[in-house]
Number of protein chains: 2
Amino acid sequence: MDNGGPGELLRILRDGRPRTRADLAGITGLGRAAISSRLEPLLKLGLVVPVSDAASTGGRPSARLAFNPGARLVAAADVGATHATVALTDLSGRIVRETTERLEISCGPEAVLDWLAMTLQGHLETKKRPATDIIAVGIGLPGPVEHSTGKPTSPPIMPGWDGFDVPAYVQQTFDVPVLVDNDVNLMALGERATRWPNEDNMIFLKVATGIGSGVVSGGILQRGAAGVAGDVGHIAVSRAAGIQCRCGKTACLEAIAGAPAVAAQLRENGLEATTGNDVVSLVRSGDLAAIQAVRQAGRDIGEMLNMCVSFINPSLIVVGGSLAQSGEHLIAGIRETVYARSTPLATQHLNITQSATGPEAGVVGASILAVEYALAPQRVNDFATRLHPGGHQNTGDLQNVELIAQSSPTAP
Amino acid sequence: MDNGGPGELLRILRDGRPRTRADLAGITGLGRAAISSRLEPLLKLGLVVPVSDAASTGGRPSARLAFNPGARLVAAADVGATHATVALTDLSGRIVRETTERLEISCGPEAVLDWLAMTLQGHLETKKRPATDIIAVGIGLPGPVEHSTGKPTSPPIMPGWDGFDVPAYVQQTFDVPVLVDNDVNLMALGERATRWPNEDNMIFLKVATGIGSGVVSGGILQRGAAGVAGDVGHIAVSRAAGIQCRCGKTACLEAIAGAPAVAAQLRENGLEATTGNDVVSLVRSGDLAAIQAVRQAGRDIGEMLNMCVSFINPSLIVVGGSLAQSGEHLIAGIRETVYARSTPLATQHLNITQSATGPEAGVVGASILAVEYALAPQRVNDFATRLHPGGHQNTGDLQNVELIAQSSPTAP
DNA sequence: TGGCTTTCGTCAGTCAATCAGCAAAAGTCT
DNA sequence: AGACTTTTGCTGATTGACTGACGAAAGCCA
C-alpha cells in the first residue's frame, strides 16, 4: 500500500526476519519484478543479503533475503558527568566495540569530542573498517539538548557546553549526520528498541544521582518545547516538604529519592554509603535499613509517577539507573504507590518493570537514534537512487562492499 | 520536495491564503503544467476556487486560487453530561448552523445519536444542502474513548455507552468516516486550530465540574494507551489531603478546585453558589471571598500543572471551562504557582493564557478532527483520482458542484 | 482600437516504474 | 540420469506523470 521505493523494503526487512522475494511481493502488493529491481540497490549496498534458502517445496528453493546489520557502522556515545562511553555499533544497535573511560564533562566540548573522535578512529583501525563505513553518529549528553540543532541549552552540569554546536564540531572528523540528545531520552530509546519494540506509550525512568525520564508517547520520543521533557527529578513530593534540593528549591523528589539522599539516610543509621552502588550493595547484602530506605524511595517516586500515569497514560514504565539494580525493592515501592493511587483505567494495562539493559543502555539508544535517522525510508531512497546516476550502467563507487560482515540472521 | 499529488496542493492551500499557479509551482518545485493538472480535480470538486485576480504587472493578471471551505460540510457534535451540541461546519471549522439542547447522556447512545442525526438532517434541510455534502462526522463524548475504534471505554458518567460502536451506529445515517474522541481532547484541538496553529506542545486545561486536559505534544494529540491521557482531575495535591473525592479516593485536585468544590467553600462563607457559573457571577460582582477562593483554586491547579510542565515541557497552557470565565483570577493563581516552582528552562518560554474560544470549543474541535481526517493528503488523492476513472474523459458524477458557496478568502 | 505583456490550457515527447511472459537455473522425485 | 517443479533474471510493452513549448486568452497602455 505504502509505495516507497527501496527504503520501504528495507523498513520491512529491518525486523530481522528473512523473507523471500515472493513474501515481499505479497506484503507490498507489487510484482516480483518490481521487488527485484528495488532490491538491487540494497543488495549492492550490502544492506540486504541472501541467507540460507528456504526449504524446497518440490522445485527450486526460494532465496531468502535478510537485513544485514553489519553492512555499515554507526558511532554512538554516551557522555556522563564523570565518565564517557563510545561504541561502534552495527545497524541493529549491537555493539561491535566499546570503550568506557573516566572523563569529566567539565573538560569542555572540544576535549570530550576530540577524545571521542580519537577513540572511534582507534576502534575503526582495530576492526579494520574504513571511516566511510560510518553512516551516522549518535551522542547522548547529561543535560538538556535542543535536538533539532544538536546544541545543549543551559545545561546545569556542563560548563562550556551551552549552545556549543556539537554536530558541526563532530562533522569535522566524521562528515555524516550527527544526532544529539539527552542521555535519558536515549536510554528510553535503547530500552524500547531492545525489549519493547511495539510499545508506543512508555516512560523510562532513571534513578541514580539524579532522577530523570525519557517519554515515548504516541510512538515518538517526546522532547517538549525546550528539550527538557521528562525532567521529573524536581517535581515536588509530600515527604520532601522543606528539604533543600541542590537545584535551589525545596521538596524536590530528587532531594529524598536520589541516590545521594538515600545514602545520606543510611549514614544517619550508622551505615557506610555515599553512592548509589553502595546502597545497592547494602540492599543485596540483606541490610534491612537499606531495603526499607530503597523501598521508601520507591514510594516517593511512585507519588510522582502517579501524576505521570494520570497525565500521559502510558502502558509501560521501565525503571533503570543505579538504584534500580537493588533487586525488586525499588520497583516494589513504586508499584505499591502507583497501583494504589491511580485510576483503574490508567493502571489496568500498565506494566511497571525493571530495565534489563545494563550500563550500555545509553550508547545503545544513541546508536538507535542514529540508525533510525540514517535508515529512514526516505533517506535510504536517496542513497539508493544515487547509485544509479544515469540509467542502468552502474558505476557508482561501491567502496567497501567486500568488507561487509556476513552476519546471517537465523530463521524465526 | 514532498511530491504528493493533489492532496499536497490542498494541504498548502488550506492555510487560507490565495495563491497563483506560479506561486504553487514555486513552492512545490513542479512545472506550471503539472500544477494545473493536479489542480483540475480540486477545482472540479470545488475544494479550490478562483478568487479575485492578482493585480496585473502589465499583462494578463494571474488568477489566484484559494481553498474553498464551503465546498463540503462536516458534522460536529459535542455531547456533554446534560447538554448536547450539534453543528454543521464548513471545512475550515466555521460553524454554519448549530443547535444546543438539554439532553441527558444517560438516555443511552441510541437516543442521543438518533437526536444528533435528526437535528443534523434538519440543519441540512434548512441550509438546503444535500446529505452527500457531508464528508465526515466528528463527535466528542464526556469520557474516555478508544479513538481508533470510536468506542467509549468504561465511562464513569455514561451508562449504556461502554463499548458501544458509535461510528457504526452513526454510519447507518451518514455513511462517511466518523471520528470519536474525548471532549476535552477536542477542545484542545479546537483551541489549537483556532488560535495557535503552530503550537506543537500545548496543554488545554478545562476547569468546570470536572477538571481534565487535552495534551498536544510533539505536534500530535496524545491519547495514551487507554485513551485517558490528560485525566488530571484526580491527581493528588497537598491542600486536598484527606478530602474525599467523588471518585472514591482522597486528595484529588478536583475535590478542592473543581467548580462544585469551590461553590461549596463559598456556601460555607454564607454565599449562594452551587455551579461554576454561580461562582463566576460572584467573582464578577467583585465578591472578595469568591475571588480569593478562585485564586486559591488556581494555586491548587498550579501545583498539578507544575508537574505537567516539568514532565512534558509545553510552551503553552490554555485554560478553559466555566471557572476560567472569571476574569484573570484563576489564571493568576495558576501562574503564581507555576512560575514560582518550575525550573527556568521549562518556564522561560511558557505561555499560560485563557481560552478565547467560547462554549463552542468542543464542536469546533470535533469539526477539526473530522476535517483533518477527511482532508489528509493521502485521502484527498484517493478522492481526486477516483474522479478520473479511465483516462481524461471525465464523467464522474460531480453532484452538487453548483451548490458550492462562494466564500472568497481575502488577501493577507 | 491595436499593440504589448503575461498567464492559461493543451499537446506531444520524455522518462521512470511496473507488469507479463519467457527461458534459464536450481532444486526434488522416480 | 531424466522428468518435473518452482524460482529467478531478463526483455519488451504499457502505464502514468512530468516537462517544454506553443497558441489562445486576458488584461494594460497609448
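Keep in mind that what you see is a predicted model, and the values were worked out from it rather than measured. Note on naming: letters A, B, ... go to the chains in the order of the sequence lines (proteins, then strands), and numbering restarts at 1 for each one.
- In the set C:dT6, C:dG9, D:dG20, the nucleotide with an atom closest to the side chain of B:S36 is C:dG9.
- Look at CZ on B:R32: it is 11 Å from C1' on D:dA21, rounded to the nearest Å.
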Can you check side chain to side chain donor-acceptor pair (under 3.5 Å) on B:T149 and B:E146, steps first, answer last?
CA-CA 6 Å; B:T149 61; B:E146 192 187 27; 2.7 Å; yes
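- Of the candidate nucleotides C:dA26, D:dT19, C:dC8, C:dC8 has the atom lying nearest to any side-chain atom of B:A63.
- In this structure, B:A33 reaches the bases: a heavy-atom distance under 4.0 Å links it to at least one base atom across the strands shown.
- Remark: C1' of D:dA3 and CZ of A:R60 are 18 Å apart, rounded to the nearest angstrom.
- If you take CZ of B:R21 and C1' of D:dA25, they are 13 Å apart, rounded to a whole angstrom.
- Partner of A:L42 under the side-chain contact (heavy atoms from CB on, under 4.5 Å) criterion, chosen from A:L9, A:L65, A:N68, A:V49: A:L9.
- Between the side chains of A:T20 and A:S62, no donor N or O sits under 3.5 Å from an acceptor N or O.
- One can place CZ of A:R64 at 14 Å from P of D:dT7, the figure rounded to the nearest angstrom.
- Rounded to an integer number of Å, the gap from A:L30 CG to D:dT14 P is 20 Å.
- Side-chain contact of B:S217 with A:Q222: a donor-acceptor pair under 3.5 Å is present, judged by distance alone.
- We find that CG of B:L43 is positioned 8 Å from P of C:dG9, with the value rounded to whole Å.
- Residue B:R38 places none of its side-chain N or O atoms closer than 4.0 Å to OP1 or OP2 of D:dA17.
- As rounded to whole Å, 14 Å separates atom P of D:dT7 from atom CG of A:L65.
- Distances from the side chain of B:P61 to the nucleotides C:dT7, D:dG20, D:dG27 place D:dG27 closest.
- Taking atom CD of B:E40 as the reference point, atom C1' of D:dA17 lies 14 Å away to the nearest angstrom.
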